[in-house]
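For reference, the structure discussed in these notes is given below.
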2 protein chains.
Amino acid sequence: MQKNPGQCQFVVAMDSIVGKWKPTILYHLLQGKPLRFNELRRLLPDITQRMLTLYLRELEEEEIVKRVVYPQIPPKVEYSITAYGMSLSPVLEMLHRWGVAHIERKRLKEAENERTETD
Amino acid sequence: MQKNPGQCQFVVAMDSIVGKWKPTILYHLLQGKPLRFNELRRLLPDITQRMLTLYLRELEEEEIVKRVVYPQIPPKVEYSITAYGMSLSPVLEMLHRWGVAHIERKRLKEAENERTETD
DNA sequence: TGGTATAGTATGAAAAAAGGTACCGTAAGG
DNA sequence: CCTTACGGTACCTTTTTTCATACTATACCA
(Lines give C-alpha, C1' and ligand atoms only; values in the text may rest on other atoms or scores of the structure.)
Protein backbone atom coordinates (compact mmCIF):
# COMPACT_ATOMS: atom_id res chain seq x y z
CA MET A 1 0.00 0.00 0.00
CA GLN A 2 2.18 2.77 1.30
CA LYS A 3 5.65 2.85 -0.08
CA ASN A 4 7.56 5.31 2.03
CA PRO A 5 10.15 3.05 3.55
CA GLY A 6 10.95 3.34 7.22
CA GLN A 7 7.75 4.79 8.53
CA CYS A 8 5.02 2.48 7.32
CA GLN A 9 4.84 0.80 10.71
CA PHE A 10 2.19 3.28 11.68
CA VAL A 11 0.10 1.90 8.92
CA VAL A 12 0.75 -1.71 9.79
CA ALA A 13 -0.29 -1.09 13.36
CA MET A 14 -3.38 0.76 12.33
CA ASP A 15 -4.59 -1.88 9.93
CA SER A 16 -5.16 -4.05 12.96
CA ILE A 17 -7.36 -1.41 14.52
CA VAL A 18 -8.92 0.50 11.68
CA GLY A 19 -12.27 -0.25 10.21
CA LYS A 20 -15.64 1.07 11.11
CA TRP A 21 -16.34 -1.54 13.77
CA LYS A 22 -12.97 -3.01 14.70
CA PRO A 23 -12.35 -0.85 17.74
CA THR A 24 -15.74 -1.70 19.18
CA ILE A 25 -15.31 -5.40 18.54
CA LEU A 26 -11.92 -5.30 20.22
CA TYR A 27 -13.29 -3.27 23.09
CA HIS A 28 -15.79 -5.97 23.90
CA LEU A 29 -13.41 -8.88 23.44
CA LEU A 30 -10.76 -7.16 25.55
CA GLN A 31 -13.11 -7.47 28.49
CA GLY A 32 -11.78 -11.02 28.52
CA LYS A 33 -14.93 -13.09 28.20
CA PRO A 34 -15.29 -15.14 25.02
CA LEU A 35 -18.30 -14.06 23.00
CA ARG A 36 -20.45 -15.94 20.58
CA PHE A 37 -21.17 -14.55 17.16
CA ASN A 38 -24.66 -13.45 17.99
CA GLU A 39 -23.61 -12.05 21.34
CA LEU A 40 -21.30 -9.73 19.47
CA ARG A 41 -24.11 -8.86 17.10
CA ARG A 42 -26.27 -7.85 20.02
CA LEU A 43 -23.45 -5.72 21.41
CA LEU A 44 -23.05 -3.97 18.05
CA PRO A 45 -26.68 -3.57 17.09
CA ASP A 46 -26.00 -1.67 13.88
CA ILE A 47 -23.39 -3.91 12.32
CA THR A 48 -24.45 -6.23 9.54
CA GLN A 49 -23.82 -9.93 9.81
CA ARG A 50 -21.56 -9.72 6.83
CA MET A 51 -19.31 -7.00 8.21
CA LEU A 52 -19.03 -8.72 11.58
CA THR A 53 -17.94 -11.88 9.82
CA LEU A 54 -15.42 -10.04 7.69
CA TYR A 55 -13.87 -8.17 10.59
CA LEU A 56 -13.66 -11.26 12.78
CA ARG A 57 -11.95 -13.13 9.97
CA GLU A 58 -9.42 -10.35 9.59
CA LEU A 59 -8.71 -10.26 13.29
CA GLU A 60 -8.43 -14.02 13.34
CA GLU A 61 -5.94 -14.01 10.50
CA GLU A 62 -3.76 -11.58 12.41
CA GLU A 63 -4.03 -13.84 15.47
CA ILE A 64 -5.54 -11.06 17.50
CA VAL A 65 -8.72 -13.03 17.93
CA LYS A 66 -9.20 -16.76 18.34
CA ARG A 67 -12.17 -18.56 16.80
CA VAL A 68 -13.39 -21.80 18.32
CA VAL A 69 -16.09 -23.84 16.63
CA TYR A 70 -18.12 -26.24 18.74
CA PRO A 71 -19.52 -29.01 16.53
CA GLN A 72 -23.11 -28.63 17.64
CA ILE A 73 -26.42 -27.95 16.11
CA PRO A 74 -27.41 -25.21 16.16
CA PRO A 75 -23.80 -24.10 15.68
CA LYS A 76 -21.78 -22.46 18.41
CA VAL A 77 -18.73 -20.37 17.67
CA GLU A 78 -16.82 -18.48 20.30
CA TYR A 79 -14.52 -15.56 19.73
CA SER A 80 -11.95 -14.47 22.26
CA ILE A 81 -8.93 -12.25 22.43
CA THR A 82 -5.56 -14.00 22.15
CA ALA A 83 -2.61 -13.38 24.42
CA TYR A 84 -1.07 -11.55 21.51
CA GLY A 85 -4.22 -9.52 20.96
CA MET A 86 -3.96 -8.38 24.54
CA SER A 87 -0.84 -6.47 23.55
CA LEU A 88 -3.15 -4.07 21.73
CA SER A 89 -4.82 -3.17 24.98
CA PRO A 90 -2.49 -0.37 26.07
CA VAL A 91 -2.45 1.01 22.53
CA LEU A 92 -6.22 1.16 22.38
CA GLU A 93 -6.42 2.59 25.85
CA MET A 94 -4.08 5.38 24.89
CA LEU A 95 -6.15 6.13 21.80
CA HIS A 96 -9.22 6.09 23.98
CA ARG A 97 -7.73 8.54 26.44
CA TRP A 98 -6.61 10.87 23.68
CA GLY A 99 -10.08 10.67 22.17
CA VAL A 100 -11.73 11.58 25.45
CA ALA A 101 -9.43 14.56 25.87
CA HIS A 102 -10.03 15.58 22.27
CA ILE A 103 -13.79 15.56 22.74
CA GLU A 104 -13.52 17.51 25.96
CA ARG A 105 -11.32 20.09 24.24
CA LYS A 106 -13.80 20.48 21.41
CA ARG A 107 -16.64 20.86 23.88
CA LEU A 108 -14.82 23.60 25.76
CA LYS A 109 -13.96 25.38 22.54
CA GLU A 110 -17.55 25.39 21.38
CA ALA A 111 -18.81 26.60 24.73
CA GLU A 112 -16.32 29.43 24.59
CA ASN A 113 -17.37 30.38 21.09
CA GLU A 114 -20.99 30.62 22.15
CA ARG A 115 -20.03 32.74 25.11
CA THR A 116 -18.11 35.26 23.02
CA GLU A 117 -20.82 35.35 20.37
CA THR A 118 -23.49 36.35 22.87
CA ASP A 119 -21.27 39.09 24.30
CA MET B 1 -20.91 7.76 12.43
CA GLN B 2 -20.73 5.14 15.12
CA LYS B 3 -23.56 5.12 17.55
CA ASN B 4 -22.54 2.85 20.38
CA PRO B 5 -22.46 5.26 23.27
CA GLY B 6 -19.59 5.21 25.70
CA GLN B 7 -16.89 3.70 23.57
CA CYS B 8 -16.75 5.84 20.47
CA GLN B 9 -13.73 7.74 21.76
CA PHE B 10 -11.57 5.24 19.98
CA VAL B 11 -13.13 6.40 16.79
CA VAL B 12 -12.79 10.07 17.58
CA ALA B 13 -9.11 9.63 18.31
CA MET B 14 -8.56 7.65 15.19
CA ASP B 15 -10.23 10.08 12.87
CA SER B 16 -7.35 12.40 13.63
CA ILE B 17 -4.88 9.77 12.56
CA VAL B 18 -6.58 7.62 10.00
CA GLY B 19 -6.41 8.15 6.31
CA LYS B 20 -3.98 6.76 3.82
CA TRP B 21 -1.43 9.53 4.23
CA LYS B 22 -2.16 11.16 7.56
CA PRO B 23 0.32 9.20 9.63
CA THR B 24 3.11 9.99 7.22
CA ILE B 25 2.22 13.67 7.08
CA LEU B 26 2.16 13.80 10.86
CA TYR B 27 5.40 11.86 11.09
CA HIS B 28 7.19 14.51 9.09
CA LEU B 29 5.59 17.47 10.81
CA LEU B 30 6.28 15.97 14.22
CA GLN B 31 9.98 16.38 13.48
CA GLY B 32 9.27 19.96 14.47
CA LYS B 33 10.38 21.89 11.40
CA PRO B 34 7.66 23.75 9.51
CA LEU B 35 7.32 22.44 6.00
CA ARG B 36 6.07 24.10 2.85
CA PHE B 37 3.42 22.51 0.70
CA ASN B 38 5.81 21.31 -1.93
CA GLU B 39 8.33 20.14 0.62
CA LEU B 40 5.68 17.81 1.96
CA ARG B 41 4.90 16.70 -1.57
CA ARG B 42 8.51 15.78 -2.09
CA LEU B 43 8.52 13.83 1.18
CA LEU B 44 5.42 11.91 0.10
CA PRO B 45 6.25 11.32 -3.54
CA ASP B 46 3.17 9.28 -4.30
CA ILE B 47 0.51 11.52 -2.83
CA THR B 48 -1.51 13.65 -5.20
CA GLN B 49 -1.70 17.40 -4.74
CA ARG B 50 -5.38 17.05 -4.14
CA MET B 51 -5.11 14.52 -1.33
CA LEU B 52 -2.32 16.44 0.37
CA THR B 53 -4.48 19.55 0.34
CA LEU B 54 -7.48 17.67 1.70
CA TYR B 55 -5.56 16.03 4.51
CA LEU B 56 -3.83 19.23 5.53
CA ARG B 57 -7.16 21.03 5.64
CA GLU B 58 -8.58 18.33 7.89
CA LEU B 59 -5.62 18.46 10.22
CA GLU B 60 -5.84 22.24 10.27
CA GLU B 61 -9.49 22.16 11.17
CA GLU B 62 -8.71 19.93 14.13
CA GLU B 63 -5.95 22.34 15.15
CA ILE B 64 -3.37 19.62 14.92
CA VAL B 65 -1.59 21.50 12.17
CA LYS B 66 -1.13 25.23 11.71
CA ARG B 67 -1.18 26.81 8.26
CA VAL B 68 0.62 30.09 7.70
CA VAL B 69 0.33 31.94 4.40
CA TYR B 70 3.07 34.37 3.45
CA PRO B 71 1.71 36.95 1.03
CA GLN B 72 4.38 36.51 -1.62
CA ILE B 73 4.56 35.64 -5.20
CA PRO B 74 5.14 32.84 -5.92
CA PRO B 75 3.10 31.86 -2.87
CA LYS B 76 4.61 30.45 0.28
CA VAL B 77 2.59 28.43 2.75
CA GLU B 78 4.07 26.76 5.77
CA TYR B 79 2.60 23.91 7.72
CA SER B 80 3.68 23.07 11.23
CA ILE B 81 2.53 20.96 14.12
CA THR B 82 0.66 22.81 16.85
CA ALA B 83 1.33 22.43 20.55
CA TYR B 84 -1.89 20.51 20.69
CA GLY B 85 -0.86 18.35 17.76
CA MET B 86 2.24 17.42 19.71
CA SER B 87 0.00 15.58 22.14
CA LEU B 88 -0.47 12.99 19.42
CA SER B 89 3.22 12.22 19.46
CA PRO B 90 3.21 9.55 22.20
CA VAL B 91 0.12 7.98 20.69
CA LEU B 92 1.70 7.70 17.28
CA GLU B 93 4.92 6.47 18.76
CA MET B 94 3.11 3.71 20.57
CA LEU B 95 1.34 2.71 17.37
CA HIS B 96 4.68 2.76 15.63
CA ARG B 97 6.27 0.51 18.22
CA TRP B 98 3.40 -1.93 18.09
CA GLY B 99 3.62 -1.95 14.31
CA VAL B 100 7.33 -2.73 14.37
CA ALA B 101 6.76 -5.58 16.80
CA HIS B 102 3.88 -6.84 14.70
CA ILE B 103 5.98 -6.94 11.55
CA GLU B 104 8.80 -8.67 13.36
CA ARG B 105 6.37 -11.26 14.71
CA LYS B 106 5.00 -11.92 11.24
CA ARG B 107 8.50 -12.26 9.85
CA LEU B 108 9.47 -14.81 12.48
CA LYS B 109 6.29 -16.75 11.92
CA GLU B 110 6.87 -16.96 8.19
CA ALA B 111 10.47 -18.00 8.66
CA GLU B 112 9.35 -20.74 11.00
CA ASN B 113 6.74 -21.95 8.54
CA GLU B 114 9.33 -22.25 5.81
CA ARG B 115 11.64 -24.14 8.13
CA THR B 116 9.02 -26.73 9.06
CA GLU B 117 7.92 -27.11 5.45
CA THR B 118 11.42 -28.01 4.28
CA ASP B 119 11.79 -30.58 7.06
C1' DT C 1 -46.47 -28.17 10.19
C1' DG C 2 -44.54 -23.93 11.09
C1' DG C 3 -41.56 -20.89 13.73
C1' DT C 4 -37.12 -19.92 16.19
C1' DA C 5 -32.20 -19.92 16.89
C1' DT C 6 -27.45 -20.59 15.26
C1' DA C 7 -23.50 -18.94 12.19
C1' DG C 8 -22.80 -17.87 8.50
C1' DT C 9 -22.51 -17.14 2.50
C1' DA C 10 -23.93 -14.91 -1.99
C1' DT C 11 -25.07 -11.17 -4.71
C1' DG C 12 -25.62 -6.66 -6.05
C1' DA C 13 -26.13 -1.77 -4.84
C1' DA C 14 -24.69 2.39 -2.52
C1' DA C 15 -21.50 5.33 -0.27
C1' DA C 16 -16.98 6.84 0.88
C1' DA C 17 -12.15 7.37 -0.10
C1' DA C 18 -8.62 8.03 -3.21
C1' DG C 19 -6.64 9.05 -7.70
C1' DG C 20 -5.84 11.55 -12.41
C1' DT C 21 -5.78 15.32 -15.28
C1' DA C 22 -6.30 19.89 -16.42
C1' DC C 23 -6.28 24.50 -15.11
C1' DC C 24 -5.51 29.24 -12.46
C1' DG C 25 -2.37 33.68 -11.58
C1' DT C 26 2.00 35.66 -10.93
C1' DA C 27 6.94 36.41 -11.21
C1' DA C 28 11.62 35.39 -11.85
C1' DG C 29 15.14 33.35 -15.08
C1' DG C 30 16.78 32.34 -19.52
C1' DC D 1 8.45 34.92 -25.21
C1' DC D 2 8.73 30.53 -23.09
C1' DT D 3 9.50 27.77 -18.99
C1' DT D 4 9.60 26.80 -14.17
C1' DA D 5 8.03 27.15 -9.50
C1' DC D 6 4.43 27.96 -6.16
C1' DG D 7 -0.02 26.50 -3.87
C1' DG D 8 -3.65 25.38 -4.87
C1' DT D 9 -9.07 24.34 -7.25
C1' DA D 10 -12.42 21.89 -10.48
C1' DC D 11 -14.04 18.03 -12.45
C1' DC D 12 -14.37 13.27 -13.31
C1' DT D 13 -13.02 8.22 -12.74
C1' DT D 14 -11.59 4.35 -10.17
C1' DT D 15 -11.09 1.71 -6.06
C1' DT D 16 -12.38 0.38 -1.56
C1' DT D 17 -15.59 -0.08 2.02
C1' DT D 18 -19.97 -0.69 3.69
C1' DC D 19 -24.87 -1.90 3.38
C1' DA D 20 -29.21 -4.54 2.23
C1' DT D 21 -31.48 -8.48 1.14
C1' DA D 22 -32.05 -13.15 0.40
C1' DC D 23 -30.54 -17.69 1.25
C1' DT D 24 -28.33 -22.10 3.55
C1' DA D 25 -28.66 -26.35 7.07
C1' DT D 26 -30.05 -28.41 11.22
C1' DA D 27 -32.38 -29.11 15.60
C1' DC D 28 -35.65 -27.98 19.00
C1' DC D 29 -40.34 -26.40 20.47
C1' DA D 30 -45.21 -25.98 20.09
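Proteins get letters first, then strands, A, B, ... in listed order; numbering begins at 1 in each.
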(message) Quick check against the 3.5 Å criterion: does A:Y55 have a side-chain atom that pairs as donor or acceptor with the backbone of A:K20?
(response) yes

(request) To the nearest Å, give me how far apart CG (A:L40) and C1' (C:dA7) are. (result) 12 Å

(request) Measure from CD on A:E58 to C1' on D:dT18 and round the result to the nearest Å. (result) 12 Å

(request) Mark up nucleotides 13-30 of chain C, 5' to 3', with B wherever a protein heavy atom is under 4.0 angstrom from a base atom, S wherever such an atom reaches only the sugar-phosphate, and - elsewhere. (result) -----SBB-----BS---

(message) Rounding to an integer number of Å, can you tell me how far B:L52 CG sits from D:dC6 P?
(response) 13 Å

(message) Using a 6.0 Å cut-off, check whether atom NZ of A:K66 has over 12 heavy atoms from anything other than its own residue.
(response) no

(message) Base, sugar-phosphate or nothing for B:Y70? Non-hydrogen atoms, less than 4.0 Å.
(response) nothing

(request) Tell me whether B:Y27 is reachable from B:I103 by hopping between hydrophobic residues (I, L, V, M, F, W, Y) whose side-chain heavy atoms are closer than 4.5 Å. (result) no

(message) Quick check on A:E61: does its CD atom have over 12 non-hydrogen neighbours (other residues, nucleotides or ligands) under 6.0 Å away?
(response) no

(request) Let me know the distance between CZ of B:R36 and C1' of D:dG8, rounded to the nearest Å. (result) 13 Å

(message) Using modelled atom types and a 3.5 Å cut-off, is there a donor and acceptor pairing between side-chain atoms of B:S87 and backbone atoms of B:A83?
(response) no

(request) Establish, with yes or no, whether the OP1 or OP2 oxygen of D:dC6 is under 4.0 angstrom from a side-chain nitrogen or oxygen of B:R42. (result) yes

(request) Output the single nucleotide from D:dG8, C:dA7, D:dG7 whose closest atom is nearest the side chain of B:R67. (result) D:dG8

(message) Heavy atoms only, 4.0 Å cut-off, all strands: where does A:R41 land among base, sugar-phosphate and nothing?
(response) nothing

(request) Compare side-chain N and O positions of A:R57 against OP1 and OP2 of C:dT9 and report whether any pair is under 4.0 Å apart. (result) yes

(request) Evaluate the side-chain contact (heavy atoms from CB on, under 4.5 Å) criterion for residues A:K22 and A:L59: first the C-alpha distance (whole Å), next the side-chain angles of each, then the deciding distance (0.1 Å), finally the verdict. (result) CA-CA 9 Å; A:K22 259 188 198 171; A:L59 292 168; 4.1 Å; yes

(request) Classify the ring geometry between B:Y84 and A:W98 as parallel (under 30°), tilted (30 to 60°) or perpendicular (over 60°). (result) parallel

(request) Provide, to the nearest angstrom, the distance between the CG atom belonging to B:N38 and the P atom belonging to D:dA5. (result) 9 Å

(request) Quickly work out the A:L56 CG to C:dT9 C1' distance and round it to whole Å. (result) 15 Å

(request) Provide, to the nearest angstrom, the distance between the NZ atom belonging to A:K76 and the P atom belonging to D:dA27. (result) 18 Å

